[in-house]
Participant: 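Have a look at this one before I ask anything.
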Amino acid sequence: MWVLQTPFSVKQVHFSSHHYYSTHRYSRPPLCFFSPSTTTTEENKNNNQLIQSLCKQGSLKQALQVLCKEPNPTQQTYELLIYSCAHQNSLSDGLDVHRHLVDSGSDQDPFLATKLINMYSELGSIDHACQVFDETQDRTIYVWNAVFRALAMVGRGEQVLDLYAQMNWRGIPSDRFTYTYVLKACVNSASTVFPLQKGKEIHAHILRHGYEGRIHVMTTLLDMYARFGCVSNANAVFSAMPVKNSVSWSAMIACYAKNGVPMKALELFQLMVLEAHDSVPNSITMVSVLQACAALSALDLGRLIHGYILRRGLDSTLPVLSALITMYGRCGKLVLGQRVFDQMKKRDVVSWNSLISNYGMHGFGKRAIQIFEKMTYQGFSPTPISFVSVLGACSHAGLVKEGKTLFESMVSKYGIHPSMEHYACMVDLLGRANRMDEAIRIIEDLRSEPGPKVWGSLLGSCRIHCNVKLAERASKALFELEPWNAGNYVLLADIYTEAKMWNEVKRVKKLLEARGLQKIPGCSWIEVKRTIYSFVSVDGINPQNEELHALLLKLSSEMKEQGYVPQTKVVLYDLEEEEKERIVLGHSEKLAVAFGLINTAKGETIRITKNLRLCEDCHSVTKFISKFADREILVRDVNRFHHFKDGVCSCGDYW
DNA sequence: GTAGGGTTAG
């Protein structure tokens with residue numbers, strides 16, 4: 001224990017500490033109520049030791065009291081105090097220590113300034129962190145890096161890049177840490193005009209200064225390209241890395257999985273397992289691998305990966321388990337996803353969200369709502385994503401009333417303010433149910449400009465209900481917001497086609513061409529014996545194609561006898577009816593179904609995945625086939641699952 | 001003394 005010394009008078013004793021902190025300025029008022037002048041060198045030493053040991057014990061308040069009577073705290077003492085404030089999450093104590101530093105002049109010590117910046121950053125007070133940086137005269141690279149890190153952590157990428165320009169201008173050389181921070185800053189700098197260009201400049205900088213062998217720098221660079229969607233640049237960085245480890249392999253696999261090339265992700269994973277002996281896959285790697293399986297609906301492969309995860313004991317983290325739930329859901333195996341969920345010892349809101357989204361995609365809206373309710377009952381607070389999932393589930397199942405109630409509860413019950421995505425969900429929910437007036441009212445009542453997702457939902461609903469007038473309004477907005485999105489032009493052309501407005505169809509197609517865009521080709525795929533076979537509508541490569549067409553022709557004529565009428569209105573060209581029939585018969589989904597009929601055993605469920613929404617003709621043909629061939633057929637389109645059985649689809653023809 | 005990859009939706 002220590003004994004308090006005699007108080008000595010100070011000018012501003014009336015300042016309560018809180019008054020002082022609230023000014024947020026660091027002028028230098030006297031700080032101590034106790035005389036600093038009477039301490040001896042021996043006492044200094046003792047006080048420093050005392051403060052340090054109090055910090056280590058977690059007695060920060062007592063440590064601060066001793067600090068008050070210690071005129072010469074050492075650097076180590078301050079370091080521990082700063083660390084304790086961050087650790088105990090106490091901004092007021094942090095400000096107090098900072099004040100002492102300023103008073104003693106130690107705030108100019110770049111080592112301590114760095115620690116202060118880190119402390120404020122951890123305490124969530126970025127403005128204080130910046131202030132320390134501004135007031136530090138001797139900015140070592142550590143000081144620069146600390147402020148970059150602090151700014152990058154709160155997403156202020158553009159500020160990092162501005163400061164980085166200043167640093168370069170002053171001729172201060174970057175180190176390997178600087179590069180990782182500024183590369184991250186490129187990704188999250190919203191207001192920088194050409195962030196990718198900036199990233200490429202930094203890339204050049206890195207090479208010029210001989211950092212191409214630094215594994216952290218190169219992995220961050222790879223990841224930057226990945227986040228900009230520049231897959232080939234990312235791959236170039238990865239291939240050129242002289243040394244790779246599990247992190248760099250995982251980053252590259254994640255890049256493929258997230259940028260629409262899941263096949264490549266799986267190939268690279270295979271290469272990693274077979275050839276990269278120093279880089280063993282870990283649970284983070286597996287999350288991306290599972291995402292790739294989910295994207296491909298590769299069930300057999302997914303199960304194989306699940307086995308690998310279990311054998312290697314990589315199933316211990318929540319992200320892996322959530323990714324597993326999603327993988328099974330996307331592969332059409334709701335039950336297996338539910339089993340993973342049931343067997344979890346610990347869950348978080350993401351595990352629940354995964355399950356809700358699975359049921360929603362399969363059209364089990366009521367079940368999704370039940371799970372949502374069970375989740376909240378068990379004390380998990382829903383996140384904005386929970387609502388996207390459960391509202392989506394209502395939309396797929398046509399549960400308008402339930403969806404509206406949930407939407408209202410967002411603010412009233414959970415204090416979550418709907419984002420553009422949630423409004424898009426509501427427009428989708430109402431629009432699909434052909435309640436266009438209400439959908440429009442949602443859009444008109446928005447406080448900010450409606451985003452592309454909102455208009456996209458409306459356009460999608462117009463497609464279902466063939467509402468030309470509203471479609472024109474929605475697409476006008478969309479053509480301005482995302483002129484590069486070919487899908488919008490195609491949707492509008494579809495609507496004109498259905499309305500037989502051929503001149504308008506021509507006009508939209510011309511617009512599409514004039515902007516150098518192309519209709520995304522329909523593609524369907526099926527996994528048979530761990531091999532994925534994909535089909536596009538015009539495909540001369542597959543040797544089985546003739547056989548497939550022959551089978552489809554035979555089925556088609558049989559179906560016509562049973563009342564099937566080809567839905568040729570989906571064809572965007574004004575052609576002879578016969579020609580149109582030929583075109584719809586060659587749709588990729590039908591080829592995949594035919595392939596499944598030929599190459600899987602009787603009684604086995606056929607699982608197809610498609611990159612676009614199912615067309616009406618494919619939908620009705622698949623219904624017929626499920627009855628004719630007595631097969632269950634599971635089709636995942638871009639939005640949801642269709643479960644065909646005995647001539648009926650689980651979507652109730654509502655999709 | 002500071003650094004790199006991952007979960008749910010759309």
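We name chains A, B, ... by the order of the sequence lines, and we start the count at 1 in each one. The model shown is predicted, which means the values in this text are computed figures rather than measured ones.
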Participant: Determine the contact category for Phe387(A): base if any of its heavy atoms lies under 4.0 Å from a base atom, sugar-phosphate if only primed atoms, P, OP1 or OP2 are that close, otherwise nothing.
Facilitator: nothing

Participant: Using a distance-only criterion (donor-acceptor N/O pair, under 3.5 Å, no hydrogens), is the base of dG5(B) paired with the side chain of Ser250(A)?
Facilitator: yes

Participant: Which is true for Gln291(A) with a 4.0 Å heavy-atom rule: it touches a base, it touches only sugar-phosphate, or it touches nothing?
Facilitator: sugar-phosphate

Participant: Measure centre to centre between the rings of Phe364(A) and His396(A), then say whether the value is under 6.0 Å.
Facilitator: no

Participant: Output yes if the stacking criterion (under 5.5 Å between centres, under 30° between planes) is met for Tyr181(A) over the base of dA3(B), else no.
Facilitator: no

Participant: At under 4.0 Å between heavy atoms, what does Arg347(A) touch on the DNA or RNA strands: base, sugar-phosphate, or nothing?
Facilitator: nothing

Participant: Out of the candidates Gln338(A), His306(A), Arg339(A), only one should pair with Tyr328(A) under the side chain to side chain contact (heavy atoms under 4.5 Å, CB included) rule; please name it.
Facilitator: His306(A)

Participant: I need the single residue from Asn282(A), Leu268(A), Thr285(A) that forms a side chain to side chain contact (heavy atoms under 4.5 Å, CB included) with Trp249(A). Which is it?
Facilitator: Leu268(A)

Participant: Would you mind telling me which of dA3(B), dT7(B), dG10(B) lies closest to the side-chain atoms of Val350(A)?
Facilitator: dT7(B)

Participant: Choosing from dG1(B), dG6(B), dG10(B), which nucleotide comes nearest the side chain of Lys453(A)?
Facilitator: dG10(B)

Participant: Is the closest side-chain heavy-atom distance between Phe641(A) and Val635(A) below 4.5 Å?
Facilitator: no

Participant: Should the side chain of Thr114(A) and the base of dG1(B) be counted as holding a donor-acceptor pair, with the cut-off at 3.5 Å?
Facilitator: yes

Participant: Answer with yes or no whether Asn282(A) presents, from its side chain, a donor or acceptor under 3.5 Å of a partner atom in the base of dG6(B).
Facilitator: no

Participant: Met286(A) and Leu314(A): which non-hydrogen atoms are nearest, and at how many Å?
Facilitator: CG-CD1, 3.6 Å

Participant: Is Arg214(A) close enough to dA3(B) that one of its side-chain N or O atoms is under 4.0 Å from OP1 or OP2 there?
Facilitator: no

Participant: In terms of side-chain heavy atoms of Ser283(A), which of dT2(B), dG6(B), dG5(B) is nearest?
Facilitator: dG6(B)

Participant: Which part of the nucleic acid does Lys244(A) contact within heavy-atom distance under 4.0 Å: base, sugar-phosphate only, or nothing?
Facilitator: nothing

Participant: Pull out every residue in residues 354-380 of chain A that has a heavy atom closer than 4.0 Å to any atom of DNA chain B, ordered by number, or say none.
Facilitator: Ser354(A), Ser357(A)

Participant: Would you mind classifying the nucleic acid contact of Thr383(A) as base, sugar-phosphate or nothing, using non-hydrogen atoms under 4.0 angstrom?
Facilitator: nothing

